[in-house]
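To keep things clear, I will list the structure first and then write my remarks on it.
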Amino acid sequence: MPELPEVENVRRSLEALVVGRTIAQVEVRLPRIVRTPGDTRRFEAELAGATIQRVDRRGKYLLFSMPPLTLVSHLRMEGQYRLVEQTEPVEPHTHVFFRFTDGTELRYRDVRQFGTMDLVSQAGPWPEGLEKLGPEPFDPDLNEQTLYARIHSRTAPIKAVLLDQTCLAGLGNIYVDEALYEAGIHPETHANRITRVKVKLLLAAIRDILQRAIDAGGSSVKSYVNGYGRHGGFQIELNVYSRDGEACRRCGTPIEKLKVAGRGTHVCPHCQKRERTRRRGA
DNA sequence: CATGGGTCCTGAGTGC
DNA sequence: TGCACTCAGGACCCAT
């Protein structure tokens, strides 16, 4: 499932592969991918002749800048981009084709069909989900004080709050579990019960996990590949995600799986204690 | 407003 | 072996 590190790796690969290429023609085979209903033909028509000038990322969104337009793309669960020759056989579940003037094409493939594309004017407005995103984890203005302020107003479990993209952009199920493990916080802890000291640890853990995952090319737990079709390598460094029943690398206790915020959640019951209701003497 | 549950979708995995 | 069923989850929709 592409989260910030995977999307960032897709962005980097696409930046190298498609910047400077000019679109000759676009074909949308699955209209639901293009979010504005009934706009598929306009989507195709408006992109014809556009040259990709930059590929940016905001949270888990990819932004293809083609002045005066930006293509906003979200991979959701299993979206993939590949640059291939137009003569290459088409893989199943390929839904959108961006054919360039040089004979190559960028193909969008998405088995679950959850991904979305919005074509918007750079003058705005931006898609709502993008507009409402919280800060980037590596934003220098984000620090333990500002993160504490965002978290402390919430009563939901910290896991739900970290998955909320309006609180902080880019985390998904894998890296939330990993960051909470690294920070020693139980995912069911009410967000407003987390101390400033723990928030500081949490922010450091989030940045550490995300940076290491980016450097490793992302985590390929299921279907993730970058724009070159290459898998990531961070899955072998995961400490809790998908390791239920296996020994905690730190203490040996079996990793447990529970459901928090409607999501499969992995926790070391020894390293991540549930919030204490009250600390009694001695 | 904040929260939590349902929903979209397909393939992998499970159990009988 | 085959089949029915559950599960996976990002963001959105909706009821509370």
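Just the heavy atoms: all of them, side chains too, but no hydrogens, waters or symmetry mates, feed the values below. These figures come from a predicted structure and were not determined experimentally.
Using a 4.0 Å heavy-atom criterion, one finds that A:Tyr175 contacts no nucleic acid atom at all. In this structure, A:Gln165 reaches the sugar-phosphate backbone alone: every heavy-atom distance under 4.0 Å involves primed, P, OP1 or OP2 atoms, never a base. Among the heavy atoms of the strands lying under 4.0 Å from A:Thr155 are primed sugar atoms or P, OP1, OP2 only; no base atom is included. In this structure, A:Pro157 reaches the sugar-phosphate backbone alone: every heavy-atom distance under 4.0 Å involves primed, P, OP1 or OP2 atoms, never a base. Here A:Lys257 lies in heavy-atom contact (under 4.0 Å) with sugar-phosphate atoms only. Among the heavy atoms of the strands, none lies under 4.0 Å from A:Gly262.
For C:dA11, one of the phosphate oxygens OP1 or OP2 lies less than 4.0 angstrom from a side-chain nitrogen or oxygen of A:Lys60. At the phosphate of B:dT3, OP1 or OP2 sits under 4.0 Å from a side-chain N or O atom of A:Arg154. Under 4.0 angstrom from either OP1 or OP2 of B:dG11 there lies at least one side-chain N or O belonging to A:His93. The side chain of A:Lys259 contributes no N or O atom lying less than 4.0 Å from OP1 or OP2 of C:dT6.
Of the two residues near DNA chain B, A:Arg76 and A:Val161, the one whose nearest nucleotide lies more 5' is A:Val161.
Here the side chain of A:Gln113 is nearest to one of C:dG10, C:dA8, B:dT10, namely B:dT10. Each of C:dA11, B:dC8, B:dT3 was ranked by its minimum atom distance to the side chain of A:His74; first place goes to C:dA11.
Aromatic ring orientation, A:His74 versus A:Tyr61: perpendicular (interplanar angle above 60°, classes split at 30° and 60°). The aromatic rings of A:His93 and A:His95 sit perpendicular to each other, their planes meeting at more than 60°, with 30° as the lower class boundary.
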Donor-acceptor pairs are to be reported for all side-chain atoms of residues 157-166 of chain A against protein atoms at under 3.5 Å, with residues two or more places apart or in another chain.
{"unit_1": "A:Lys159", "atom_1": "NZ", "unit_2": "A:Asn173", "atom_2": "OD1", "d": "2.6"}
{"unit_1": "A:Lys159", "atom_1": "NZ", "unit_2": "A:Asp177", "atom_2": "OD1", "d": "2.7"}
{"unit_1": "A:Lys159", "atom_1": "NZ", "unit_2": "A:Gly264", "atom_2": "O", "d": "3.2"}
{"unit_1": "A:Lys159", "atom_1": "NZ", "unit_2": "A:Thr265", "atom_2": "OG1", "d": "3.0"}
{"unit_1": "A:Asp164", "atom_1": "OD1", "unit_2": "A:Thr166", "atom_2": "N", "d": "2.9"}
{"unit_1": "A:Asp164", "atom_1": "OD1", "unit_2": "A:Thr166", "atom_2": "OG1", "d": "2.8"}
{"unit_1": "A:Asp164", "atom_1": "OD2", "unit_2": "A:Arg154", "atom_2": "NH1", "d": "3.0"}
{"unit_1": "A:Asp164", "atom_1": "OD2", "unit_2": "A:Arg154", "atom_2": "NH2", "d": "3.1"}
{"unit_1": "A:Asp164", "atom_1": "OD2", "unit_2": "A:Thr166", "atom_2": "OG1", "d": "3.2"}
{"unit_1": "A:Gln165", "atom_1": "OE1", "unit_2": "A:Gly170", "atom_2": "N", "d": "2.9"}
{"unit_1": "A:Gln165", "atom_1": "NE2", "unit_2": "A:Leu163", "atom_2": "O", "d": "3.0"}
{"unit_1": "A:Gln165", "atom_1": "NE2", "unit_2": "A:Leu171", "atom_2": "O", "d": "2.9"}

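Using a 4.0 Å cut-off between a side-chain N of Lys or Arg and a carboxylate O of Asp or Glu, A:Arg212 and A:Glu182 qualify as a salt bridge.
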